[in-house]
Amino acid sequence: MTLYHYLAVSAALFCIGIFGALTRRNVIGILMGIELMFNAANINLAAFNRFLHPNAVVGQSVSLFIITVAAAEVVVGLALVLAIYRNIQTIYAEDYNLLKG
Amino acid sequence: MVNLKLLSPEIFLSVLALILMLADLWVPRKHGKLLFHLGIAFSAAGLLSLGMAYSDPANYQGMGTSWVVDPMGLFFKVIVLITTLLSLLLSLDYAGEASARTAPTRHLGTFAGLVLLCSVGMMLLVSSVDLLLVFLSLELVSITSFILSGFERTNLKSSEGAMKYFLIGAFSSAVMVFGISLYYGATGTTSLIGVRDQSGTLVGLASLMILVGFGFKASVAPFHLWVPDAYEGAPTPVTTYLSIAPKVAALAAMLRVFLQLMPGDIDMPRLFACLAALTMTVGNFTALFQTNVKRLLAYSSIAQAGYILIAFVSPGGLGKEAVLMYALAYVFMNVGAFTVAIMIGNEDSYELEAYDGLASRSFGVSLLMAFFLLSLAGIPPTAGFIAKFYVFAAAIEAKYYWLAIVGVLNSVVSVYYYLRIAYHMFFMPARKREPLSAGFYLYSGLAVAAFCVVFIGLYPDPFIASAKISSATLTEAARSVKTALSPVSVPARGG
């Protein structure tokens, strides 16, 4: 395993995440895509830390912060999904069309 | 731990914000407004302590490893807190549209606490020189503002706006984080200070991705899609807040970050010039077709972000001063315009027709509104004119003549839609006879905004002087010291 293997995985994950976030109609699906993008960054950080800058654990600690923040962000997102679902019983993004222009 | 006291306003405010949220559980619902008053008092106290620090910039500055307290940071902190104070003041009298009355009546302490926390995020954001802190504070700002813009839970517009805001926000922060990881890979650190080798495609790619995160918060053109929806749906005091504070703070942080981060492969000033031109044009030309005043002001705020971005083409010279000056003027003129919008919205709605014949009912208010709109359009003798003048001067100084021309043309276009509101106020027949009635807090917000817009417009010298002083950043000073006598001792880690 070299650095390039890890980078390839993370780049693939990032692209899959972007693809999912842009094409999903379901809000939960979009959220999952965004989570993949965050995790791609985490893989990057850990791999760079291990292979390029092994002296300090900056990369690993940054990725711990990112994991925490991503979790907090998803909590807010799911709360919003619930708030809308209680009103109009749908989680499909194209049904959120009250605001236009 | 040596100079942690420099961050005492932030620490103080975040503790108070948590206290407010807890107090929400015990204070009975009918006394909920009490917590707003407390929030106002807290932000006033924060403002006071910062103001005192600001008056003594020589002593009150310092550097941790990931943050820096310097005149520029203090200036923007003051601006953020002024916005917080005024927005909380407006929240006291906000009632929601007459047809729906959607203003939140419960959890007001949480509301005030979230506003304070969001301000803390921005205060950290404007003083951070480490990408990790930039990311964390940007997320603090984002997450709290998602909740704030969806605060009217029963109002579907509010939830929908917040949802769109959230999806685009989370997406752009994911892109930003990926950029930070690439930056770390290229340089071995997340700090922006002391990194010399910034050539290579990896740093270039990283800076573009970091720019996406900032661009989202500052509503720069390709990332502005959430703005009109989130602003229209959010409770109007929150719209006031979001249209000013996060935008100004994100632009300030961008200024600071891109003073340090200069990728060798990308011509950043040219990129900023293109983004500025695009943002202004998109904002102004879409605003032309709006019939909802909240939405119109949302597009106008996109355009205003574009004007501020013009100044980024000469970050070394006049640019910084221009950003500071514009931010200062923008706060008061936007607060003023939104205050009048809340007055009309409480009574009727946010559609343009609600402004019909306002002049025959309340001449003073409509005159002030016209004044704020003229200031937003940049017509003398208002604060907006001074600010625009500075920005265009910065563009000319950097020899971006085409950008200055695009900016002036955009201002001309913007006059049309700003004056359309004035046309409705002065030349359309009124639908009601009785004068506009609004609460004490709205009038006081209006008075403060009007006073400042007039004062800055007529006598800008003290503000220009303070912008000049505040444009000094500690990181640049440190850099020049470093080149003069290396190695310089890095100050102790602060937090």
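Sequence lines set the chain letters: A, B, ... in the order given, protein chains first and strands last, and positions in each chain run from 1. Both backbone and side-chain heavy atoms feed into the values below; hydrogens, waters and symmetry mates do not.
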Q: For residues B/Y184 and A/N44, determine if any side-chain heavy atom of one lies less than 4.5 Å from a side-chain heavy atom of the other.
A: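 A side-chain contact under 4.5 Å is absent here.
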Q: Under 4.5 Å heavy-atom distance to chain B, tell me which part of A/L45 shows up: side chain, backbone, both or neither.
A: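 Looking at A/L45, backbone and side chain both touch chain B.
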Q: What residues form a side-chain hydrogen bond (donor to acceptor under 3.5 Å, both in side chains) with B/E139, not counting sequence neighbours?
A: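 With sequence neighbours excluded, B/E139 shows a side-chain hydrogen bond (donor to acceptor under 3.5 Å, both in side chains) to B/S173, given in chain and number order.
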Q: Please give me the minimum heavy-atom distance between B/I143 and A/V69, naming the atom from each residue.
A: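 In terms of heavy atoms, the two residues are closest at CD1-O, 4.4 Å.
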Q: Does the side chain of B/F135 come within less than 4.5 Å of A/V62's, by heavy atoms?
A: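 No, too far: nothing below the 4.5 Å cut-off.
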Q: Please determine, among A/L7, A/L36, A/I66, the option with the most heavy-atom pairs under 4.5 Å with chain B.
A: A/I66
Q: Please work out whether the ring planes of B/F178 and A/F14 are parallel, tilted or perpendicular, with thresholds of 30° and 60°.
A: parallel
Q: Below 4.5 Å, heavy atoms only, C-beta onward: do A/V76 and B/I147 meet side chain to side chain?
A: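 A side-chain contact under 4.5 Å exists here.
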Q: For B/F171 and A/I34, which heavy atoms make the closest approach, and how far apart are they?
A: N-CD1, 3.8 Å
Q: I want to check something: taking the side chain as every heavy atom from C-beta on, are B/F166 and A/L31 in contact at a cut-off of under 4.5 Å?
A: yes
Q: Sort A/L22 into side chain, backbone, both or neither according to what part of it lies under 4.5 angstrom from a heavy atom of chain B.
A: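 Side chain only.
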Q: To the nearest 0.5 Å, what is the distance between CD1 (A/I84) and CZ (B/R153)?
A: 13.0 Å
Q: Tell me, for A/N55 versus chain B, whether the close heavy atoms (under 4.5 Å) come from the side chain, the backbone, both or neither.
A: neither
Q: Verify, without hydrogens or angle tests, whether A/H53 (side chain) and B/G185 (backbone) share a donor-acceptor contact under 3.5 angstrom.
A: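 Side chain of A/H53 to backbone of B/G185, a donor-acceptor pair under 3.5 Å: yes, one is there.
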Q: Can you tell which of A/A40, A/A21, A/A83 has the highest number of heavy-atom pairs within less than 4.5 Å of chain B?
A: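 When all of A/A40, A/A21, A/A83 are compared, A/A40 has the most.
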